[in-house]
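I have placed the structure first, in the form of structure tokens, so that the comments after it can refer back to it.
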Amino acid sequence: MSTLRFHAIKKSLNKKPIKIEEAERRSNIFCANVFNEDKMRQYLTKEAFVSVMDAIVNGTKIDRVVADHISTGMKEWAISKGVTHYTHWFQPLTGATAEKHDAFFEPIGNGRAIEKFGGGQLVQQEPDASSFPNGGIRNTFEARGYTAWDPTSPAFVYGTTLCIPTVFVAYTGEALDYKTPLLRALQAVDNAAVEVCKYFDKNVKKVNASLGWEQEYFLIDRGLAASRPDIQLTGRTLLGHSSAKGQQLDDHYFGTIPKRAMQYMRDLETECMLLGIPVKTRHNEVAPNQFELAPVYDEANLAVDHNSLLMDVMDKVAQRHDFKVLFHEKPFAGVNGSGKHNNWSLSTNTGVNLLGPGKTPMSNLRFLTFFINTIKAVHDNEELIRASIASASNDHRLGANEAPPAIISVFIGEQLTNVLDELQNVTNGKLSPEEKTDLKLNVVGKIPEILLDNTDRNRTSPFAFTGNKFEFRAVGSTANCANPMTVLNTIVANQLIEFKKEVDNLIDTKGLKKDEAIFNILREYIKKSKNILFEGNGYGEAWEKEAKKRGLSNHKTTPEALKAKVSKKTIKIFEDLGVLNKVESLSRYEIEMEEYVLHIQIEGRVLGDIARNHVVPTAVRYQNMLIENVKGLKEIYGRDFKKFAKQQMTLIEEISGHIESINSNVTKMINERKTANHIEDIDKKADAYCNKVKPLFNEIRYHCDKLELLVDDELWPLTKYRELLFTN
């Protein structure tokens, strides 16, 4: 009997939900551990408070003397909550968060000490952190890395530590994190959108990008997960036969949340409330033991920080409840994978959602302007959009039947497609009074009615308009939202800048009125962007053939997709807008390619180990039992034994065939890995791992999964899918 597996199952069945008491209303504890505006008013001097708010709203720099006042107030607030340490909390290019804790404690001699935290420690630190991925930016002699305070994301207390959100840059100034380029991209889209908004409202001074993410995840009993080396080391199952019952009955989706999972969610939501993460929605997802958590929309930079923090908090809370959270995009074959839908929009300081229709034709023309420009930006940069979501883990999900495909397309619905068709027929040049009236009354004016109850129902689209926002569905569940959000805001900013140039040119050189010029440019954009719009079923061979005719890319693997990040076109866009310079773009490409190689390398090593040290020995043990059985039958029945031992002998032969195939394919995989490891060029190395090493995973898995069906259940060492997915 497989002792570990059955012990873990037995123990998991006896676990009871941890009782969670909610002593206070959530509205009372929301942001209790966040140094937000209310806390700043209480703990800061008037000068310090005004300075911080000015930095948050207008991006002005904070004077070092004022920073001392801010740090003092922040320290006093933190100490009042039992805090002993502080850390600059940042997001390096590993995809995880990072922190180095320093104590407030400072000896002052004669056996005395004080709590010290100055402005210099608040504003900047030198954590070194030289072992983080840097893509060759940091030389050994200048390997220092600096963290700098980001006042737009408030400090918070977690446990006994004051966490200060920061950017992370090299000694030479290049960005080494996800936050820095995101902040630059948000500034770029703010500037570009404000200029376009002035066509419609001169009072617009600022435009914020908003983000609402939806985090999907699997919740697995910790003991069961610990019995699987592949889950422990790679976050997914590298082998395992599908359970007879999976998700085919759709009985888990939106069903009653299991009790242990519910208590975990309640505990998690309390932690989120304290940290100011505005979580609102929870429900069962399609696959067994799969769930979703979603917050209220927030400003994009803060939303990205909240999601990164949430994933860390989810892990910590899961430990209390004896669960393991699986964020991997495809932890189980044969059931739905997990995504992180990024709902994106733009809103003004005057309270207007630029992707929401208004009550007047002019406000709806503004909506169409930002709506069509976003579609044009995606059309012109669809390869870059695909690259922004590329990873070894997301490759397993993109293109599967339940998920968005690797082909980027935009779904807007039949009604809005009809509106664009109408606009495509706008007269070139000046509009007649009749045409203007018709456009305003019958096309633009009716948009609010068209959108009423006509939000997206196509769940396969990677990029869809859903009534007052675009939903980027192809983002992977493990991803840092900053990566796709940096790309999306950058390309939209670039597109809006181009739009304004073209409109102004028509006004200045052709004598067109403002709305005539806007209609003319939008008409051309609709024509040029038609190929990216798709209303049908977004996966399968038919769509792949159609997409190829339209000239859309279909990069199914990360090494293919990432090349768009270092094209001349991409580098120019990022450089022109000051989001990433050429060195930063090239270094990130190298980091992501290297990360891909390492993920496949680790998975290959783990799979080889499990196949040869768990599966094959178990199969041999069972085979020996069958051989002993055949020998016994021969002793009893003599020459007639084959009549009674036929099935056993067939089984012995089948097992031998699978064992031989496993061993030969593992040997091939090891040899291909060794060959790939000697390749110095990162592009060729990644291609070798993708096309030579990774395909052998499926071969090895096939034979291991066949053995799982043949070998005595009591001997099988690895917790099976039916136990992982249906034990809760």
Side-chain angles (χ1 to χ4, degrees), residues 1-13 15 216-253 255 258 260-261 284-291 318 322-339 393 396-397 400-403 477-478 603 606-607 609-611 613-616 618-619 622 655 658 662 697-728:
M1 178 184 287
S2 177
T3 308
L4 179 59
R5 173 187 160 208
F6 285 99
H7 176 74
I9 294 169
K10 184 178 179 181
K11 194 172 179 182
S12 69
L13 293 173
K15 289 175 183 173
E216 294 177 337
Y217 62 98
F218 281 82
L219 209 53
I220 305 299
D221 181 85
R222 183 164 289 272
L224 299 183
S227 71
R228 295 279 311 218
D230 47 359
I231 291 179
Q232 291 295 93
L233 297 177
T234 71
R236 75 178 182 106
T237 55
L238 296 172
L239 48 83
H241 200 281
S242 297
S243 169
K245 180 180 183 292
Q247 64 186 47
Q248 59 266 57
L249 296 178
D250 292 326
D251 52 344
H252 186 259
Y253 189 50
R260 274 183 71 199
N284 290 1
E285 257 301 333
V286 176
N289 275 349
Q290 186 188 31
F291 306 95
D322 227 5
F323 279 126
K324 183 173 180 65
V325 180
L326 301 185
F327 291 114
H328 195 285
E329 282 79 358
K330 199 75 172 177
F332 302 101
V335 296
N336 276 19
S338 298
S393 53
H396 291 283
R397 171 176 166 261
N401 284 353
E402 88 287 347
S477 48
T478 59
E603 288 189 349
V606 173
L607 180 57
D609 172 54
I610 294 174
N613 295 316
H614 293 69
V615 174
V616 169
T618 302
Y622 182 56
I655 290 171
H658 290 306
I662 290 169
F697 290 9
N698 291 334
E699 293 293 323
I700 296 166
R701 177 174 191 152
Y702 172 81
H703 294 286
C704 289
D705 289 356
K706 286 295 181 183
L707 285 176
E708 182 181 327
L709 293 179
L710 298 176
V711 171
D712 183 352
D713 183 61
E714 290 205 0
L715 293 179
W716 195 254
L718 302 169
T719 304
K720 297 188 176 184
Y721 268 32
R722 66 170 184 259
E723 295 147 359
L724 290 166
L725 291 172
F726 291 96
T727 303
N728 48 36

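Worth knowing before you read on, the calculation uses all heavy atoms, side chains too, and leaves out hydrogens, waters and symmetry mates. Just so we're clear, the structure is a prediction, and the values are computed from it rather than from any experiment.
Ion pairing between a basic and an acidic side chain is recognised when a charged N comes within 4.0 Å of a carboxylate O; Asp322 and Arg260 show no such pairing. Salt bridge Lys11/Asp221: absent, no basic N to carboxylate O contact under 4.0 Å.
With sequence neighbours left out, the salt bridge (charged side-chain N to carboxylate O under 4.0 Å, His left out) criterion links Glu285 to no other residue. Legend: residues meeting ring-ring contact (aromatic ring centres under 6.0 Å, His included) with Tyr721, ordered by chain and number and at least two apart, are Phe332. For His658, the ring-ring contact (aromatic ring centres under 6.0 Å, His included) partners two or more places apart in sequence, or in a different chain, are His703. When the side-chain contact (heavy atoms from CB on, under 4.5 Å) test is applied to Leu13, the partners found at least two apart in sequence or on another chain are Ile9, Thr727. With sequence neighbours excluded, the residues that form a side-chain contact (heavy atoms from CB on, under 4.5 Å) with Phe726 are Ser243, Lys245, Pro288.
Proximity of Pro258 to Phe291: side-chain heavy atoms (C-beta onward) are separated by under 4.5 Å at one or more points. Side-chain contact between Arg701 and Thr237: present, with at least one pair of heavy atoms (C-beta onward) separated by less than 4.5 Å. Here the side chains of Val615 and Trp716 are in contact, with some heavy-atom distance below 4.5 Å. Counting only heavy atoms from C-beta outward, the side chains of Ile231 and Thr719 never approach each other to under 4.5 Å.
Atom OH of residue Tyr253 and atom CG of residue Asn284 lie 10.5 Å apart, to the nearest 0.5 angstrom. Atom CG of Asp712 and atom OG1 of Thr618 lie 10.5 Å apart (nearest 0.5 Å). Rounding to the nearest 0.5 Å places CG of Leu710 at 8.0 Å from OH of Tyr622. Note that CG of Asn698 is 9.5 Å distant from CG of Leu607, once rounded to the nearest 0.5 Å. Atom NE2 of His7 sits about 10.0 Å away from atom OG of Ser12, to the nearest 0.5 Å. The distance from the OG1 atom of Thr478 to the NE2 atom of His328 is 7.0 Å, given to the nearest 0.5 Å.
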Trace of the side chain to side chain donor-acceptor pair (under 3.5 Å) decision for Asn336 with Gln290: CA-CA 9 Å; Asn336 276 19; Gln290 186 188 31; 5.1 Å; no
Full working for side-chain contact (heavy atoms from CB on, under 4.5 Å) between Lys720 and Asp713: CA-CA 10 Å; Lys720 297 188 176 184; Asp713 183 61; 2.8 Å; yes
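Residues Pro331 and Gly235 come closest through the heavy atom pair CB-O, 3.9 Å. The nearest pair of heavy atoms linking Leu219 to Val325 is CD1-CG2, 3.8 Å. Annotation for Asp705 and Gly240: closest pair OD1-N, 2.7 Å, computed over non-hydrogen atoms. The shortest heavy-atom contact between Leu718 and His614 is CD2-CD2, 4.3 Å. Here the shortest heavy-atom pairing between Ile662 and Ile700 reads CG1-O, 4.3 Å. Contact detail for Pro229 and Ser227: the closest heavy-atom pair is CD-O, 3.6 Å.
Other residues, nucleotides and ligands place no more than 12 heavy atoms under 6.0 Å from the NZ atom of Lys706. Taking a 6.0 Å sphere around CZ of Phe697, one finds it holds more than 12 heavy atoms contributed by other residues, nucleotides or ligands.
A donor-acceptor pair under 3.5 Å is absent between the side-chain atoms of Ser338 and the main chain of Phe327, judged by distance alone. A side-chain donor-acceptor contact under 3.5 Å links Glu216 to the backbone of Gly339. Without hydrogens or angle criteria, Glu708 side chain to His241 main chain gives a donor-acceptor distance under 3.5 Å.
Applying the salt bridge (charged side-chain N to carboxylate O under 4.0 Å, His left out) test to every pair with at least one member in residues 230-244, sequence neighbours left out, gives these pairs: Arg228-Asp230, Arg236-Glu603.
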